[in-house]
Amino acid sequence: MTATQILIMVAELLGGLTFFLFGMNVMSGGLEQMAGGALERTLKKVTKNDVLSFFLGAGITIAIQSSSAMTVMLVGLVNSGIMGFADTFGMIMGSHVGTTLTAWILTLGGISGDNFILTLLRPMTFAPILAFAGIIMRMLSQKEKRRNLGTILIGFAVLMAGMDMMSASMETFRTDPSFKKLLTAFTSPMIAFLASTLFTGVIQSSAATVAIVQSLALAMLHTNNPITYQIAIPLVIGANVGTCMTALISSFGTNREAKRVVAMHIYTNAIGGIICVILMYAVMAISPNLMSHSIGIIGVATVHSLFNIANTIAFIPFKKPLLRLCEKTIRKSDDKTHTVFLDERLFYNPTFAIPECRRLTVEMAELARKSLLNSISLIDKFDDEISNSVRETENIIDKYEDKLGTYLVKISSTELSETDSHTVGRLLHGIGDFERIGDHALNIRDAAQEIRDKDIVFSKDAKSELTVIINALIEILNITVDSFVSDDLELASKVEPLEQVIDKLKDELRARHIERLQNGNCTIQLGFVFSDLLTNFERVSDHCSNIAVYTMQRNDTTLDMHRYLKNIKFNSRGSFEDKFKEYDKKYSI
């Protein structure tokens, strides 16, 4: 073989591998977009049941076409506290089996014959048709699901084109004597196993390694030097072990539980792989000719599936010892830190991350409610412990806003569905308003401390007026947070009329305060504190209005608050005025 032939062969192989990996990535991305948040919701329901968890793991892996990506997602979920380490067992075993589907899809490349039906079943016959259909869907369809389906078709066509390129690159080897020498280096199953493990660890895709083995088997099947079971089996097993490298890299910087997920992934593949290679040596010792038979493209897929299925069945009775082994490998440390916020490893699947962002925003909303209610309680009776709690809670809320805001901005730059993109926008607006409510809670706490430190006493009328507006503020806060948590549009519609009442109350109370100042019934010092409280109450109600509007815009992708408020006030005039009158009467002075 000349240097030029070798260069061409390597270029075709690398080109085919590139197309294969890119096509797989595009196809899996489209499948994830179609699945949406259903993956995350289903995950939380079934992870406690190993059988259901197994099938879910297999199903998700089939969808995203990568057990490595599946494991990386599990690492992120466990690191974020969404799942427990022990709950991942079924999903990991299911992902091992689910990833074998790719090899079966690629067996279509081995179809031969002149029959019309067989010709249609060949990848390079239907793949261009699927690619054309996919690009038409992407260009002409306005519906997101059809556009995602088009992405899937394009990705599949590119994947099959890559497989065909890899197969074509192997054609040169059929009659080349130097390649026979290369194959003899793999007569030792252990050497083949280690070489495949190393190669897969570098390219980080077991599916790609198995695809190359299939291409090799197809190209050499009818030659004097066919690929044998003795070579193919350890190459396939090594691919399964080498794919652990991706998960291992993803575990850097994670907590103890997340590292144990990776340990489980490595142990199940490595232990099963080593035992299988040892059994091969035993079979070769008993019957040397048994492993010398040639293997075809379907045989490689069968070996891949049988190894993962047998490995799964073998580990089921040893789940508890396996969990203990992982716990002993990753021992408990003295590190007290706890990962509260989402892990960027979940970027592999934003449909998992976005619902979790919402869950954390709900936590932030509850913290803001708690902080504001505590600060209001300090006005009548100051308590140092509650005061310190308000300050600490405000710091925590700031951390939520910082971490969630940064994460949501980053995830918004990835390819999101229209629904997910809209949800991210609403959450970004929401966390800003909840953070500001926390700030106003701290301001009210400072005003309450000033009342205590300067021994300020409000008049009977001022106390009565404050009680009215505080009760209105507490109600609008509870309605806002409850409607946000439950995503209740009807409940959220009650916020804006009450916000208008609070605005009216603020103006009326300020006018009464000025009247008391003019009559000498109030001091300037007391007036400053009274005015500060009214300002903070009114601004909290403004932020409640913002949050409620974004809750009500669940199905409106514009997120135009001013236009939406105008629409509420003028296009639904009757219901808005009725609610306003109801609250105005309830909180009259």
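Here, residue 1 is the first one in the sequence, and each next residue gets the next number.
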With a 4.5 Å cut-off on side-chain heavy atoms, are [Y] and [X] touching?
{"X": "S493", "Y": "M552", "result": "yes"}
{"X": "T406", "Y": "K410", "result": "yes"}
{"X": "M264", "Y": "F89", "result": "yes"}
{"X": "N443", "Y": "D532", "result": "no"}
{"X": "V97", "Y": "F55", "result": "no"}

Work out which heavy atom in [X] is nearest to a heavy atom in [Y]; give both atom names and the distance.
{"X": "C544", "Y": "V495", "result": "O-CG1, 3.6 Å"}
{"X": "M137", "Y": "R147", "result": "O-CG, 3.9 Å"}
{"X": "L505", "Y": "A472", "result": "CD1-CB, 4.3 Å"}
{"X": "L491", "Y": "D482", "result": "CD2-CB, 3.8 Å"}
{"X": "S545", "Y": "E499", "result": "CB-CG, 3.9 Å"}
{"X": "H96", "Y": "H265", "result": "NE2-ND1, 3.2 Å"}

Checklist entry - T535: what forms a side-chain hydrogen bond (donor to acceptor under 3.5 Å, both in side chains) with it, not counting sequence neighbours? => result R510
Checklist entry - Considering residues at least two apart in sequence or located in another chain, which fulfil the side-chain hydrogen bond (donor to acceptor under 3.5 Å, both in side chains) criterion with T423? => result none
Out of curiosity, [X] [atom1] to [Y] [atom2], how far, rounded to the nearest 0.5 Å?
{"X": "Y583", "Y": "I476", "atom1": "OH", "atom2": "CD1", "value": "8.5 Å"}
{"X": "I589", "Y": "T467", "atom1": "CD1", "atom2": "OG1", "value": "10.5 Å"}
{"X": "E465", "Y": "L534", "atom1": "CD", "atom2": "CG", "value": "8.5 Å"}
{"X": "L428", "Y": "D433", "atom1": "CG", "atom2": "CG", "value": "11.5 Å"}
{"X": "F315", "Y": "I92", "atom1": "CZ", "atom2": "CD1", "value": "11.0 Å"}
{"X": "E577", "Y": "Q500", "atom1": "CD", "atom2": "CD", "value": "11.5 Å"}

For [Y], does its backbone N or O pair with a side-chain atom of [X] as donor and acceptor, under 3.5 Å?
{"X": "S377", "Y": "N374", "result": "yes"}
{"X": "T88", "Y": "F85", "result": "yes"}
{"X": "S531", "Y": "F528", "result": "no"}
{"X": "R358", "Y": "V485", "result": "yes"}
{"X": "S371", "Y": "L367", "result": "no"}
{"X": "T329", "Y": "L325", "result": "yes"}
{"X": "T361", "Y": "L427", "result": "no"}
{"X": "S464", "Y": "K460", "result": "no"}

Next on the checklist: Take a 6.0 Å sphere around CZ of F580 and say whether it holds more than 12 heavy atoms from other residues, nucleotides or ligands.
Outcome noted: yes
Checklist entry - Counting only heavy atoms not in E515, do more than 12 fall under 6.0 Å of its CD? => result no
Next on the checklist: Quick check on side-chain contact (heavy atoms from CB on, under 4.5 Å): which of I444, D380, I379 does I470 satisfy it with?
Outcome noted: I379
Checklist entry - Quick one: which of F484, Y550, Y400 gives a ring pair (Phe, Tyr, Trp, His ring centres under 6.0 Å) with F434? => result F484
Under 4.0 Å between a Lys/Arg side-chain N and an Asp/Glu carboxylate O for [X] and [Y]?
{"X": "E366", "Y": "K370", "answer": "no"}
{"X": "D50", "Y": "K319", "answer": "yes"}
{"X": "R539", "Y": "D439", "answer": "no"}
{"X": "E582", "Y": "K579", "answer": "no"}
{"X": "D488", "Y": "K494", "answer": "no"}

Checklist entry - Can you tell me if S541 and K506 form a side-chain donor-acceptor pair at under 3.5 Å? => result no
Checklist entry - How far apart are the C-alpha atoms of Y587 and E475, what are their side-chain angles, what is the distance that settles it, and do they pass the side chain to side chain donor-acceptor pair (under 3.5 Å) test? => result CA-CA 11 Å; Y587 295 109; E475 180 166 1; 2.2 Å; yes
Item to check | Qualifying side-chain hydrogen bond (donor to acceptor under 3.5 Å, both in side chains) pairs with a residue from residues 386-395, counting only residues at least two apart or across chains | outcome: S387-R445
Next on the checklist: Between E508 and K504, does the salt bridge (Lys or Arg N to Asp or Glu O under 4.0 Å) criterion hold? Intermediate values first, please.
Outcome noted: CA-CA 6 Å; E508 187 173 346; K504 180 184 174 185; 5.4 Å; no
Item to check | Stepwise side-chain contact (heavy atoms from CB on, under 4.5 Å) check, K585 with K581 | outcome: CA-CA 6 Å; K585 181 179 180 181; K581 290 177 182 178; over 6 Å; no
Next on the checklist: side-chain contact (heavy atoms from CB on, under 4.5 Å), that's the test. Do T268 and M93 meet it? Break it down for me.
Outcome noted: CA-CA 8 Å; T268 51; M93 304 314 294; 3.8 Å; yes
Checklist entry - Is there a side-chain contact (heavy atoms from CB on, under 4.5 Å) between I547 and I437 once you walk through the steps? => result CA-CA 11 Å; I547 294 165; I437 290 175; 4.0 Å; yes
Next on the checklist: Between E327 and R260, is the side-chain contact (heavy atoms from CB on, under 4.5 Å) condition met? List the steps.
Outcome noted: CA-CA 7 Å; E327 290 169 356; R260 288 173 176 173; 3.6 Å; yes
